[in-house]
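Atoms considered below: every heavy atom in the structure, side chains included; atoms not considered: hydrogens, waters and symmetry mates. Every value quoted in this text rests on a predicted model; they were computed, and no experiment measured them.
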Amino acid sequence: MEKEDLKLTSAEIGTLWEEYVNGTAVHMINKYMLSIIEDEKIKAIFEDAVHTFEKQKKQIAMFIENEGFPVPIGFTDSDLTKGTKRLFSDIFCLHYLHIMTLHGLLGHMTSLSSSVRKDLRYFYDSCDNDGKRMYHQTIELLLEKGHFQKDPYFYPEATPEFVSGQQFLDGFFGDKRPLAATEIVSLSFNLKKKILEKTLSIAFSQVAQSKEVRKFLKSLQSTSNNQIQSLSNILKKDNLPVPMSWESEVTTSTDSPFSDKLMLYHIGFLIQTAQAYHGTGLATAMRTDLAVTYEKIILKNLMVTKEWFNIMTKYKWLEEPPLAPNRKQLAKDK
């Protein structure tokens, strides 16, 4: 069957809509960072990132328009203010691009797995290849500059072992077993993302215009810090290193390069996507104290997300995605 005979499904439209809105938000941050970066190697990677998304954005818009749907507004240059003081260091910009590239890779694969039509599948294939190129580039440059944070090393056992009893699950009483490598994967990843969330909330709170937005971001700093401490303490008790913070990579500027709408949306995006990673951590946690920690973080973030939603809708900053037909309303209007 030719692609013209296949209409895009609701899942395909939904992923395109998300790719566009989320992509334009990150794109604006990348464009600002490109304008302030002084290191030539870091600047080159950002030039690649900005150019790559501009091509992807046009393709996404074409898919949406061809199905008769309105292209989302997303975020544009109107959400940027030129000529503002530097807010981030070059190295933080590189860390940011690396973490957001990880988000992009996972997002593209989710979109691909929801796609049926051939042209859309091939498009997400190309997006995935772009993301993998960027992933390699950011890691290589972070390694070269001595800033890549490696996960803890393990020493190999002589032979494979099997779980011998319920004590493997115990995290509250008696002698806890050491963390499993499968648990450290999620701990490390969630910590790095949580550190990015806290750093951005500090930077954004310095420059936000709205008192209500600043209050929310300051509250989020405290929440993020408590969650970082909870996850870090689990690693520390096993004498394992924790990822370093990036707060010192934020300048003292109070000159905002971004609209409040962009900053608040971006923070909400990080909180909501983090929930999926917290859920993965919970699913792989076999020690009870670790599982309870993830449960507390997930519940707290649900409350934070509700507060975020209330502010976004109050100022009409939250764009509505395509909705299923309201059959009851259609019947009533007739």
For residues [X] and [Y], determine if any side-chain heavy atom of one lies less than 4.5 Å from a side-chain heavy atom of the other.
{"X": "Leu94", "Y": "Leu141", "value": "yes"}
{"X": "Asn66", "Y": "Met62", "value": "yes"}
{"X": "Lys145", "Y": "Ile42", "value": "yes"}
{"X": "Ile29", "Y": "Leu262", "value": "yes"}

Please determine if [X] and [Y] form a salt bridge, counting it only when a charged side-chain N lies under 4.0 Å from a carboxylate O.
{"X": "Glu140", "Y": "Lys41", "result": "no"}
{"X": "Lys300", "Y": "Glu295", "result": "no"}
{"X": "Glu40", "Y": "Lys43", "result": "no"}
{"X": "Glu247", "Y": "Lys198", "result": "yes"}
{"X": "Asp48", "Y": "Arg133", "result": "yes"}
{"X": "Asp77", "Y": "Lys31", "result": "yes"}
{"X": "Asp125", "Y": "Arg121", "result": "no"}

task = Would you indicate whether Phe148, at its atom CZ, is surrounded by more than 12 heavy atoms from other residues, nucleotides or ligands within a distance under 6.0 Å?
result = yes

ask   = How about Leu302: does its CG atom have over 12 heavy atoms from other parts shown lying under 6.0 Å from it?
value = yes

Would you check if the side chain of [X] reaches a backbone N or O of [Y] as a donor-acceptor pair within less than 3.5 Å?
{"X": "Ser186", "Y": "Thr182", "value": "no"}
{"X": "Glu197", "Y": "Ser224", "value": "no"}
{"X": "Glu38", "Y": "Ile36", "value": "no"}
{"X": "Glu12", "Y": "Thr9", "value": "yes"}
{"X": "Arg214", "Y": "Ala208", "value": "yes"}

Shortest non-hydrogen separation from [X] to [Y] and the atoms involved:
{"X": "Ser253", "Y": "Val207", "value": "O-CG1, 3.7 Å"}
{"X": "Gln221", "Y": "Ser205", "value": "NE2-OG, 2.9 Å"}
{"X": "Ala291", "Y": "Leu282", "value": "O-CD1, 3.4 Å"}
{"X": "Val21", "Y": "Pro72", "value": "CG2-CB, 3.7 Å"}

request  = Output every pair passing ring-ring contact (aromatic ring centres under 6.0 Å, His included) with a member in residues 270-291, not counting sequence neighbours, ordered by first then second residue.
outcome  = His103-Tyr277, Phe189-Tyr277

task = Determine which pairs satisfy ring-ring contact (aromatic ring centres under 6.0 Å, His included) with at least one residue from residues 192-211, sequence neighbours left out, and list them in order.
result = Phe204-Phe258

request  = Consider only side-chain heavy atoms of I, L, V, M, F, W and Y, link residues closer than 4.5 Å, and tell whether Met33 and Phe53 are in one cluster.
outcome  = no

task = Please list all pairs passing the side-chain hydrogen bond (donor to acceptor under 3.5 Å, both in side chains) test where one or both residues lie in residues 53-65, with sequence neighbours left out.
result = Gln56-Asp130

Pairs satisfying side-chain hydrogen bond (donor to acceptor under 3.5 Å, both in side chains), at least one member in residues 21-30, at least two apart = Asn22-Tyr265

key: Fellow cluster residues of Tyr124, listed by chain then number, with links counted only when side-chain atoms sit under 4.5 Å apart   = Leu8, Ile13, Leu16, Tyr20, Ile60, Phe63, Ile64, Phe69, Val71, Met109, Leu112, Leu120, Phe123

Nonpolar side-chain network containing Ile202, other nodes, edges under 4.5 Å = none

inquiry  = Which residues pass the side chain to side chain donor-acceptor pair (under 3.5 Å) test with Lys237, not counting sequence neighbours?
reply    = none

inquiry  = Within this structure, what is the NZ-OG distance for the pair Lys82 and Ser35, rounded to the nearest 0.5 Å?
reply    = 9.5 Å

Suppose we screen for side-chain contact (heavy atoms from CB on, under 4.5 Å). Which residues come up paired with [X], at least two apart in sequence or across chains?
{"X": "Ser89", "answer": "Ile91, Phe92, Glu249"}
{"X": "Asp238", "answer": "Pro178, Leu179, Leu240, Arg287"}
{"X": "Ala276", "answer": "none"}
{"X": "Ser188", "answer": "Asp151, Lys192"}

key: Worked check of side chain to side chain donor-acceptor pair (under 3.5 Å) between Ser111 and Glu19   = CA-CA 8 Å; Ser111 297; Glu19 291 266 359; 2.9 Å; yes

key: Pair Ser78-Thr76, side chain to side chain donor-acceptor pair (under 3.5 Å): steps then yes or no   = CA-CA 5 Å; Ser78 65; Thr76 67; 2.7 Å; yes

Please tabulate, for side-chain N and O atoms in residues 309-318, each donor-acceptor pair with protein atoms closer than 3.5 Å (sequence neighbours left out).
from	atom 1	to	atom 2	distance (Å)
Asn310	ND2	Lys306	O	3.4
Thr313	OG1	Phe309	O	2.9
Thr313	OG1	Asn310	O	3.2
Lys314	NZ	Glu212	OE1	3.0
Tyr315	OH	Glu212	OE1	2.8

key: Side chains of Gln227 and Asn301, donor plus acceptor under 3.5 Å   = yes

request  = Would you please test His266 and Tyr96 for ring pair (Phe, Tyr, Trp, His ring centres under 6.0 Å) and show each step?
outcome  = CA-CA 12 Å; His266 194 28; Tyr96 171 86; 5.7 Å; yes

